[in-house]
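Read the structure below first, then the notes.
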Number of protein chains: 2
Amino acid sequence: MPKRPTPTKACCQRRAAVFKALGHPARLQIVAALGDGERCVCELVEAVGSGWSTVSRHLTVLKAAGIIADEKRGLQVYYRMALPCVNSFAECLDAAQEGAAVEVRRCCKS
Amino acid sequence: MPKRPTPTKACCQRRAAVFKALGHPARLQIVAALGDGERCVCELVEAVGSGWSTVSRHLTVLKAAGIIADEKRGLQVYYRMALPCVNSFAECLDAAQEGAAVEVRRCCKS
DNA sequence: CTTGTATTTCGCTATTTCGCGAAATAGTCA
DNA sequence: TGACTATTTCGCGAAATAGCGAAATACAAG
């Protein structure tokens, strides 16, 4: 296994921006919903159960972090995952929290 | 591939607690440092470059989220990763941010 | 152009988080 | 026991974040 250098402070800041954006239940619900494929805002509003303005702001945060991407098609805006590995990792967390043997578990290759 | 059910709201809250704990540069520096093996608080204080009380609070946050674990040995408290996959994922994020082809990348196995 | 639909932005208040220094604990060693 | 070291807790003010409803924007359809 390659010995990796200690990440720089700047690198940790970039990483933290992603984690921070994901550190909200509503945003994780959005991300989970997008794991099944793209969704328009109206579907996400329903999935999250908050107001339009609130969901829109969450989408802005996720997009700014590069986690999702949007595309306007017809009358609606469709969002999709830009970082699909996020959901794989989230499921890995579930497994760990369910008490599975965590020590050797390796969620990410590379 | 197994069709996974939409995660519950409670599940997203548990996930969010982990992401939120990781959503701070100093805490990611700590996590990165622990990726090389356990460290005592004094070493982490040096690695992060903040005051003792600040680092201690960050450690409390990470421990409460189940990301790290501590053990008192002799005069010092040693911290180690409890969720090693976090660092693998963080490196995966670096790769994505460096502009690598992200579409098909899959950071976590199942 | 005007209307209607989909979505975002704005202003606001309440809550949370950050980093610090001082004080409190815990445990070791003489 | 008493001094000392390592670490955590407390209390503070400054800054960031959350959620809401109203208003603004974008744009397709008639």
Side-chain angles (χ1 to χ4, degrees), chain A residues 9-10 12-34 37-82, chain B residues 9-10 12-31 33-34 38-82:
Chain A
K9 203 161 199 166
C12 287
Q13 279 178 346
R14 283 191 298 272
R15 291 175 175 180
V18 176
F19 281 114
K20 190 172 174 184
L22 292 168
H24 192 288
R27 292 198 284 266
L28 281 182
Q29 282 188 284
I30 291 171
V31 162
L34 296 181
E38 65 177 16
R39 296 277 183 276
C40 74
V41 180
C42 58
E43 293 172 297
L44 296 172
V45 165
E46 193 171 355
V48 170
S50 300
W52 282 79
S53 61
T54 301
V55 171
S56 183
R57 181 192 295 260
H58 286 315
L59 290 169
T60 301
V61 171
L62 287 169
K63 185 180 165 191
I67 297 164
I68 62 176
D70 64 343
E71 185 185 354
K72 188 165 290 185
R73 258 200 338 266
L75 208 51
Q76 289 145 355
V77 178
Y78 286 87
Y79 282 88
R80 65 173 189 279
M81 291 300 294
Chain B
K9 203 162 198 166
C12 287
Q13 279 177 346
R14 284 191 299 272
R15 291 175 175 181
V18 176
F19 282 113
K20 192 173 174 185
L22 291 168
H24 191 287
R27 292 197 283 267
L28 282 182
Q29 282 188 281
I30 290 170
V31 162
L34 295 181
E38 65 177 16
R39 295 277 185 274
C40 74
V41 180
C42 57
E43 292 172 298
L44 296 172
V45 166
E46 194 172 355
V48 170
S50 300
W52 282 79
S53 62
T54 300
V55 171
S56 183
R57 181 195 298 257
H58 285 315
L59 289 169
T60 301
V61 171
L62 288 169
K63 185 181 165 189
I67 298 163
I68 62 176
D70 64 344
E71 184 186 353
K72 188 165 290 185
R73 254 195 348 259
L75 206 54
Q76 289 145 354
V77 178
Y78 285 87
Y79 282 89
R80 68 173 187 278
M81 291 302 292

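Values below: every heavy atom of this structure, side chains too, minus hydrogens, waters and symmetry copies. Residue numbers begin at 1 in each chain, while the letters A, B, ... track the order of the sequences. These numbers were taken from a predicted model, which means no experiment stands behind them.
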- Among all residues two or more places apart in sequence or in another chain, which pass the side chain to side chain donor-acceptor pair (under 3.5 Å) test with A:E43? none
- How does each nucleotide of nucleotides 4-11 of chain C score, in 5' to 3' order, for protein heavy atoms under 4.0 Å: base (B), sugar-phosphate only (S), or none (-)? --SBBB-B
- Scan for salt bridge (charged side-chain N to carboxylate O under 4.0 Å, His left out) pairs involving residues 13-27 of chain B, sequence neighbours excluded, and state none if there are none. A:D94-B:R15
- Query: If you measure from CG on A:L44 to OH on A:Y79, what distance do you get to the nearest 0.5 Å?
  - Reply: 9.0 Å
- Note on the structure: DNA chain D in dot-bracket form (Watson-Crick or G-U pairs under 3.5 Å, [ ] crossing, | inter-strand) is ||||||||||||||||||||||||||||||
- Heavy-atom side-chain proximity of B:L62 to B:L22 below 4.5 angstrom: yes
- Item | Selection: residues 24-31 of chain A, any non-hydrogen atom under 4.0 Å of DNA chain D | A:H24, A:R27
- Message: So A:K20, base contact, sugar-phosphate only, or nothing? Heavy-atom distance under 4.0 Å.
- Response: sugar-phosphate
- Query: For B:A26, what residues pass the side-chain contact (heavy atoms from CB on, under 4.5 Å) criterion, not counting sequence neighbours?
  - Reply: B:H24, B:V48, B:H58
- Message: Taking side-chain contact (heavy atoms from CB on, under 4.5 Å) as the definition, give me every residue that meets it alongside A:Q13, ordered by chain and number, with sequence neighbours left out.
- Response: B:P25
- Listed by chain and number, what are the side-chain contact (heavy atoms from CB on, under 4.5 Å) partners of A:A65, not counting sequence neighbours? A:A21, A:I67
- Query: Mind checking what makes side chain to side chain donor-acceptor pair (under 3.5 Å) contact with A:Y78, not counting sequence neighbours?
  - Reply: A:Q76
- Please state how far atom CZ in B:R73 lies from atom P in D:dT7, giving the value in whole angstrom units. 12 Å
- Message: Can you list everything that forms a side-chain contact (heavy atoms from CB on, under 4.5 Å) with B:E46? Sequence neighbours excluded, please.
- Response: none
- Please list all pairs passing the salt bridge (charged side-chain N to carboxylate O under 4.0 Å, His left out) test where one or both residues lie in residues 68-80 of chain A, with sequence neighbours left out. A:E38-A:R73, A:K63-A:D70, A:E71-A:R73, A:E71-A:R80
- Message: Does D:dT17 have its OP1 or OP2 closer than 4.0 Å to a side-chain nitrogen or oxygen of A:H58?
- Response: no
